[in-house]
Amino acid sequence: MSQFHRIPTIETERLILRAPTRADFEPYAEILLSKRAQYMFAPMDRQQAWNYFANDAASWVIDGFGTWTAADKTTDAPRVFLGYNKPAMFPELELGWMTPVDAEGQGFAFEAAQAAQRWGFDNLSVASFVSYITPENARSIALAKRLGGTHDPDAPRPDGESAEETAVYRHRRAA
């Protein structure tokens, strides 16, 4: 029997990383239904977007980790969707993120991902985790590097993906 894991709330200077809510689905889906999701095998249809959203939330119950909505402290508007994933096709735990267009370029993803990184190292008993990024996704690569991630060309990739399709950035706890 699976133990229920409560979704932690994390506060940063401008954000609250909190459990996803049904109201978060529309801005989440807006990303996945648009060309903005081109690096995530998208755009998707609404049902596919719902499946991703529900999977992200369900991971907390199944695995003890999952994704948060990083919401603006003053407006509760989603600024980043991020967290840990390890679906069946992922060989390693991944920290991933996506940002609504109106929140891009304001440092929200970095702020939220730093907090998620700290939580992961403090709570998941892992030596490292990865970010799987399409090589053409310069913004995500820049964020992975800013978070201290280093390119790991020898790391295993998700099932069926090649080095041309997926770059792996490894995150390790800072000394």
Side-chain angles (χ1 to χ4, degrees), residues 2-12 14-106 108-117 119-120 123-124 126 129-134 137 139-140 143-144 147 157-161 165-166 169 171:
S2 172
Q3 179 184 1
F4 176 74
H5 298 275
R6 194 165 47 101
I7 300 173
T9 300
I10 303 169
E11 289 196 37
T12 69
R14 300 178 294 165
L15 302 168
I16 297 175
L17 281 66
R18 59 165 173 74
T21 66
R22 186 170 286 275
D24 296 331
F25 175 66
E26 289 306 323
Y28 183 98
E30 186 177 305
I31 296 168
L32 292 180
L33 272 63
S34 75
K35 188 170 170 42
R36 290 182 55 71
Q38 66 184 322
Y39 301 120
M40 298 172 51
F41 308 109
M44 301 177 181
D45 62 32
R46 284 186 67 76
Q47 183 59 53
Q48 290 170 312
W50 176 258
N51 292 345
Y52 269 66
F53 184 78
N55 178 73
D56 287 349
S59 289
W60 286 106
V61 174
I62 296 167
D63 296 316
F65 56 79
T67 61
W68 292 274
T69 297
D72 187 295
K73 277 185 174 180
T74 57
T75 66
D76 199 42
R79 296 297 178 216
V80 186
F81 299 100
L82 79 160
Y84 294 95
N85 300 287
K86 193 174 184 312
M89 72 285 232
F90 281 12
E92 295 189 62
L93 182 65
E94 184 209 28
L95 174 62
W97 51 79
M98 60 182 193
T99 306
V101 69
D102 67 331
E104 198 167 78
Q106 298 174 52
F108 292 123
F110 179 68
E111 184 176 330
Q114 269 191 315
Q117 228 180 14
W119 182 89
N123 293 278
L124 297 178
V126 293
F129 49 85
V130 298
S131 293
Y132 298 119
I133 304 174
T134 302
N137 190 343
R139 291 183 78 104
S140 277
L143 178 55
L147 291 165
R157 288 172 178 73
D159 292 350
E161 294 183 23
E165 296 169 306
T166 306
Y169 282 81
H171 305 271

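Computed from a predicted model, the values in this text were never measured in an experiment.
- Trp60 places a side-chain heavy atom less than 4.5 Å from the side chain of Pro8.
- Interatomic distance, Thr134 OG1 to Glu161 CD, rounded to the nearest 0.5 Å: 7.5 Å.
- A 4.5 Å side-chain heavy-atom check between Asp72 and Asp76 finds every atom pair outside the cut-off.
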Decide side-chain contact (heavy atoms from CB on, under 4.5 Å) for Asn55 and Tyr52; before the verdict, give the C-alpha distance in whole Å, the side-chain angles of both, and the deciding distance to 0.1 Å.
CA-CA 5 Å; Asn55 178 73; Tyr52 269 66; 5.7 Å; no
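- Rounded to the nearest 0.5 Å, atoms CG (Leu17) and CG (Leu15) are 6.5 Å apart.
- Proximity of a side-chain donor or acceptor of Gln106 to a complementary backbone N or O of Asp102 within less than 3.5 Å is detected.
- Side chain of Asn137 to backbone of Ile133: no donor-acceptor contact under 3.5 angstrom is found.
- Taking a cutoff of 4.0 Å between a charged side-chain nitrogen and a carboxylate oxygen, Glu104 and Arg139 qualify as a salt bridge.
- Atom CG of Leu95 and atom CG of Leu82 lie 6.5 Å apart (nearest 0.5 Å).
- What you find for Ala115 and Thr12 is that their closest heavy atoms are CB-CG2, 3.6 Å.
- Two rings, from Trp97 and Phe81, have their centers 6.0 Å or more apart.
- Thr75 approaches Arg79 most closely through the heavy-atom pair OG1-NH2, 4.2 Å.
- Looking at Arg18 and Trp68, their side chains never come closer than 4.5 Å, going by heavy atoms from C-beta outward.
- Rounding to the nearest 0.5 Å gives a distance of 13.5 Å between OG of Ser59 and OH of Tyr84.
- For the residue pair Ala103 and Phe108, the shortest heavy atom distance occurs at O-CD1, 3.5 Å.
- A distance-only check finds no donor-acceptor pair linking the side chain of Thr69 to the backbone of Ala71 [under 3.5 Å].
- Looking at Thr67 and Asn85, their side chains come closer than 4.5 Å, going by heavy atoms from C-beta outward.
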Can you list, pair by pair, the side-chain donor-acceptor contacts under 3.5 Å of residues 86-94, counting residues two or more places apart and other chains?
{"from": "Lys86", "atom 1": "NZ", "to": "Phe90", "atom 2": "O", "distance (Å)": "3.0"}
{"from": "Glu92", "atom 1": "OE1", "to": "Arg170", "atom 2": "NH1", "distance (Å)": "2.8"}
{"from": "Glu92", "atom 1": "OE1", "to": "Arg170", "atom 2": "NH2", "distance (Å)": "3.3"}
{"from": "Glu92", "atom 1": "OE2", "to": "Arg170", "atom 2": "NH2", "distance (Å)": "2.8"}
{"from": "Glu94", "atom 1": "OE2", "to": "Tyr132", "atom 2": "N", "distance (Å)": "3.1"}

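- Using a cut-off of 4.0 Å between Lys/Arg side-chain N and Asp/Glu carboxylate O, Glu30 and Arg46 are scored as not salt-bridged.
- Atom CD1 of residue Ile7 and atom CZ of residue Phe65 lie 13.0 Å apart, to the nearest 0.5 angstrom.
- Side-chain atoms of Tyr28 and Asp56 form a donor-acceptor pair, as typed in the model, at a separation below 3.5 Å.
- Within the 4.5 Å cutoff, side-chain heavy atoms of Met98 are placed close to those of Leu32.
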Do Phe110 and Leu143 pass the side-chain contact (heavy atoms from CB on, under 4.5 Å) test, and can you show the C-alpha distance, the side-chain angles, and the key distance before you say yes or no?
CA-CA 7 Å; Phe110 179 68; Leu143 178 55; 3.7 Å; yes
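- Counting only N and O atoms by type, the side chains of Asp24 and Thr21 include a donor and acceptor under 3.5 Å apart.
- When all heavy atoms are compared, the tightest approach of Phe53 to Pro20 is CZ-CB, 3.9 Å.
- In this structure, Glu11 and Lys73 have side chains that are in contact, with non-hydrogen atoms separated by less than 4.5 Å.
- His171 places a side-chain heavy atom less than 4.5 Å from the side chain of Ser131.
- Rounding to the nearest 0.5 Å places CG of Leu147 at 6.5 Å from CD of Gln114.
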